[in-house]
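Below you'll find the structure, written out as structure tokens, and then a few comments.
Just so it is clear, the values below take in all heavy atoms, side chains as well, and ignore hydrogens, waters and symmetry mates.
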Amino acid sequence: MAQPRRRGGGGGGGHNTCPRPALLPAAALLLFLLAAVALLYVSPPPLTDHPALASSRRRSPHAPLLNSSGGGSMVVSEHREISRVPKEADGLWGSKFASRFYGCSNSSSRFLGSSVITQPDRYLMIVTSGGLNQQRTGIIDAVVAARILNATLVVPKLDQTSFWKDASNFSEIFDVDWFISNLSKDVKIVKELPEIGGKLRTPHRMRVPRKCTQRCYVNRVLPALLKKHVVRLTKFDYRLANRLDTDLQKLRCRVNYHGLRFTGLIEEMGEKLIQRMRERSKRFIALHLRFEPDMLAFSGCYYGGGEKERKELGAIRKRWKTLHAINPEKGRRQGRCPLTPEEVGLMLRALGYRNDVHIYVASGEIYGGARTLAPLKAFFPNLHTKETISSKEELAPFSKYSSRMAALDFIVCDGSDAFVTNNNGNMAKILAGRRRYFGHKRTIRPNAKRLYSLISNRRNMSWDSFSSRVRMVQKGFMGEPKELRPGRGEFHENPSTCICEKTVSKTVAKSNSQSEQVLSNDAERGIAIQTEQVSSNDTEMGIATSETTVPDHTDEEAGESEVDEDAPGEKEEIIDPEVDDDAFFGRSYGFVVTELTILESVTSMDDNNRPNKQRSHLSTSQASEAFDPFTSHSQQ
């Protein structure tokens, strides 16, 4: 009779014991869990909880930014993903080709000294417009304009009536004595208008069109200067053509990179800020974030703040009277909107910067405050500003003056190892050109148009894929030598005429002028691209353009009518932008010969019977619209 099977295994006849099937499901479950965990590390989940990226494709990636209530907690999953970057990518802090280039701005032998070409009875006065960096471009061009006219330049008057209400004069921001002495061989400069013939002359006020060429100044301004002896050019911003003769372009560089320097007080404080950043880290990034209310209002973009945002930014936007309404989403697709602080952080991490990098944020009041900055701080905890690395007492001489505060940021950005700009305004352009001239230091501009689509679709790709694509679209926007073709963009951003390249064996400038040497003994010098010889027959004719100047850190709108407190009741001559400039124009750099022809035509003029082409009877407000059109916001 067969024995019944035993459930236990304790008796004899162990050969009758069956395997325990319960162990198999347990092992399979364990293997499944291990595989799932490994899969998470190999392919991290998309960044669906990222506040600027979680929206649908039909909505702007900016939309939830100002509505979110959290800060760094929103990007936890992103940090898990990108914290595994083992080391910084190569080339983040400089170009391996930079040492082959240097700044070269000495004049040629054809460029006569100021003592030879300056006429004793001609004085040019200018009134700048805008904030610090916009005014800087005006000062640079004023020196060149005085050279074209063979005139003595009176130290420029700064804009003190703009939105920023900065009452600083030239000598309170720039070293005026250095400015006069350093440029004395090129242009005669005086601090005040002297008496002419024993009496003080009343300046003849004029405004020239934007992008006025050499021919434009000789044909339009010189006749008035010969007759009145003193001419004041008002609202002087971007009133000189981008392309000029080589020697005049080099003069621009000498003014910008050597003749203009800040006062000792500003320079000293700026160097202190750089030193304190160096104490925290061997290398640091300077970020011109440009996310202040005025910049956002100017852009016309929308950042998800609802009716409150539309009302606040809309009120600010009204001060640019000629700006038209735009489609925020279209502007975003076209790259016209500044990146959010969070998106800037994403870009920098994708490029390869580690989260322990120290960043100096050059900015005014951030729209949205600490809440807007929180995601960037989550990416890079070591964020600093001039306020956080200095005391109130140290900043007291500067804090009430927007231009002086902007000057401090300018110095730190210039001294940084990598400069990142979030817009294409005046400060960004001037610093980009300066960093090219003084050694091609790393300068990063976001390719906003291409980054828009990447950020919009970030949720559909892995971090490795995203970072790879960011690095690809940023090629050409990293400040590499020869990144921009000669003559491309604003000269202040791309001073190609003043950048020379070394040969293999000797330091020889590939320039159209004779051999040149660097003007100062600075350790790092500029960059080079073969000099482009610009013909005097440029197609740019001094006709008003529809270019819109992006407001900079302290920049004023170009569409606002000017108020000149020094000349109440004076009438300003507005030159008709449609005047034909194809009249006789001399090639001589001093225009000594050609002035004889012009003088003959000018002396026959009568105040009551001036040619119609010489003046327009537009009102001041009409002239502002005619010559300073704010019709579009464009970026290179």
Quiz prompt | Within-4.5 Å side-chain heavy-atom neighbours: Arg252 and Leu244 | solution = yes
Quiz prompt | Phe291 and Val344: CA distance, side-chain angles, deciding distance, side chain to side chain contact (heavy atoms under 4.5 Å, CB included) verdict | solution = CA-CA 11 Å; Phe291 208 71; Val344 172; over 6 Å; no
Quiz item: Do Ser399 and Lys392 come within less than 4.5 Å of each other through their side chains, counting heavy atoms only?
Solution: no
Self-check item: Sidechain-backbone polar pair: Arg201 side chain, Leu193 backbone, donor-acceptor under 3.5 Å
Solution: no
Exercise. Could you tell me whether the side chain of Arg442 reaches within less than 4.5 Å of the side chain of Glu480, counting heavy atoms only?
Key: yes
Quiz item: Any donor and acceptor pair, going by atom type alone, linking the side chain of Thr388 with main-chain N or O of His384 inside 3.5 Å?
Solution: no
Quiz item: Looking only at atom types and distance, does a side-chain atom of Glu483 sit under 3.5 Å from a main-chain N or O of Met478, one as donor and one as acceptor?
Solution: yes
Quiz item: So, does Arg136 use its side chain to make a donor-acceptor pair with the main chain of Asn256 at under 3.5 Å?
Solution: yes
Quiz item: Is it the case that Arg147 places NZ or CZ above or below the six-membered ring of Phe111, under 6.0 angstrom from the centre and within 45 degrees of the axis?
Solution: yes
Self-check item: Evaluation steps, side chain to side chain donor-acceptor pair (under 3.5 Å), between Asn494 and Ser496
Solution: CA-CA 6 Å; Asn494 182 26; Ser496 57; 4.5 Å; no
Quiz item: Side chain of Arg404, backbone of Lys400: donor and acceptor closer than 3.5 Å?
Solution: no
Quiz item: What closest approach, in Å, do Gly270 and Leu408 show between heavy atoms, and which atom pair accounts for it?
Solution: N-CD2, 3.8 Å
Quiz item: Just how far is it from atom CD1 of Ile139 to atom CZ of Phe170, taken to the nearest 0.5 Å?
Solution: 4.5 Å
Practice problem: Would you mind telling me which of Asp237, Thr128, Asp159 makes a side chain to side chain donor-acceptor pair (under 3.5 Å) with Gln134? | Solution: Asp237
Quiz item: Stepwise, does the side chain to side chain contact (heavy atoms under 4.5 Å, CB included) test hold for Thr137 with Phe236?
Solution: CA-CA 9 Å; Thr137 64; Phe236 200 80; over 6 Å; no
Quiz item: Minimum heavy-atom separation for Val420 to Met347, with atom names?
Solution: CG1-CE, 4.1 Å
Exercise. For Asn423 and Pro338, indicate whether the former's side chain and the latter's backbone hold a donor-acceptor pair under 3.5 Å.
Key: no
Quiz item: Given Glu292 and Ser363, is the side chain to side chain donor-acceptor pair (under 3.5 Å) satisfied, shown in steps?
Solution: CA-CA 7 Å; Glu292 295 95 335; Ser363 179; 3.2 Å; yes
Quiz item: About how many Å separate CD1 of Ile366 and CZ of Arg371, when rounded to the nearest 0.5 Å?
Solution: 13.0 Å
Practice problem: Go through the steps to decide whether Phe380 and Tyr353 satisfy the test ring pair (Phe, Tyr, Trp, His ring centres under 6.0 Å), and finish with yes or no. | Solution: CA-CA 9 Å; Phe380 297 97; Tyr353 289 101; 7.5 Å; no
Quiz item: What's the shortest heavy-atom distance between Ala448 and Cys337, and which atoms?
Solution: CB-O, 4.4 Å
Quiz item: After noting the C-alpha distance and the side-chain angles of Trp178 and Phe262, does the key distance pass the ring pair (Phe, Tyr, Trp, His ring centres under 6.0 Å) rule?
Solution: CA-CA 10 Å; Trp178 173 261; Phe262 296 114; over 10 Å; no
Quiz item: For Phe491, does its backbone N or O pair with a side-chain atom of Asn242 as donor and acceptor, under 3.5 Å?
Solution: yes
Practice problem: Identify the heavy atoms of Ile274 and Ile411 that sit nearest to each other, and give their distance. | Solution: CD1-O, 3.6 Å
Quiz item: Can you tell me how far the NZ atom of Lys441 sits from the CZ atom of Arg435, to the nearest 0.5 Å?
Solution: 5.0 Å
Self-check item: Non-hydrogen atoms of Cys212 and Val208 that approach each other most closely
Solution: SG-CB, 4.3 Å
Practice problem: Answer whether the closest heavy-atom distance between the side chains of Ile148 and Leu240 falls below 4.5 Å. | Solution: yes
Self-check item: SG-SG under 2.5 Å, Cys498 vs Cys104
Solution: no
Self-check item: side chain to side chain contact (heavy atoms under 4.5 Å, CB included) assessment of His258 paired with Leu183
Solution: CA-CA 9 Å; His258 303 282; Leu183 299 170; over 6 Å; no
Quiz prompt | Under 3.5 Å: donor-acceptor pair, side chain of Asp166, backbone of Ser402 | solution = yes
Exercise. Might you work through the side chain to side chain contact (heavy atoms under 4.5 Å, CB included) test for Asn422 and His288, ending with a clear yes or no?
Key: CA-CA 6 Å; Asn422 194 25; His288 188 217; over 6 Å; no
Self-check item: CG-CD distance between Leu351 and Gln474, expressed to the nearest 0.5 angstrom
Solution: 5.5 Å
Quiz prompt | Expected output: side-chain Ser171 to main-chain Val176 donor-acceptor under 3.5 Å | solution = no
Exercise. Answer yes or no: does atom CD of Glu279 have more than 12 heavy-atom neighbours from other residues, nucleotides or ligands under 6.0 Å?
Key: yes
Quiz item: Asp417 pairs by side chain to side chain donor-acceptor pair (under 3.5 Å) with which of His358, Arg278, Lys282?
Solution: Arg278
Quiz prompt | Carboxylate-amine/guanidinium proximity below 4.0 Å for Lys191 and Asp177 | solution = yes
Quiz item: Tell me, do Asp409 and Lys386 make a side-chain contact under 4.5 Å, heavy atoms counted?
Solution: yes
Exercise. List the atom of Ala151, the atom of Leu225, and the distance in Å for their closest heavy-atom pair.
Key: CB-CD2, 3.9 Å
Quiz item: Sub-3.5 Å donor-acceptor pair from the side chain of Arg276 to the main-chain atoms of Ile389, do we have one?
Solution: yes
Quiz item: Are Thr340 and Thr372 close enough that some pair of their side-chain heavy atoms sits under 4.5 Å apart?
Solution: no
Self-check item: Value rounded to 0.5 Å, distance of CD1 in Ile430 from SG in Cys413
Solution: 12.5 Å
Quiz item: Is there side-chain contact between Leu265 and Pro397, with heavy atoms separated by less than 4.5 Å?
Solution: yes
Practice problem: Determine whether Arg254 and Asp186 make a side-chain contact, defined as any pair of heavy atoms from C-beta on separated by less than 4.5 Å. | Solution: yes
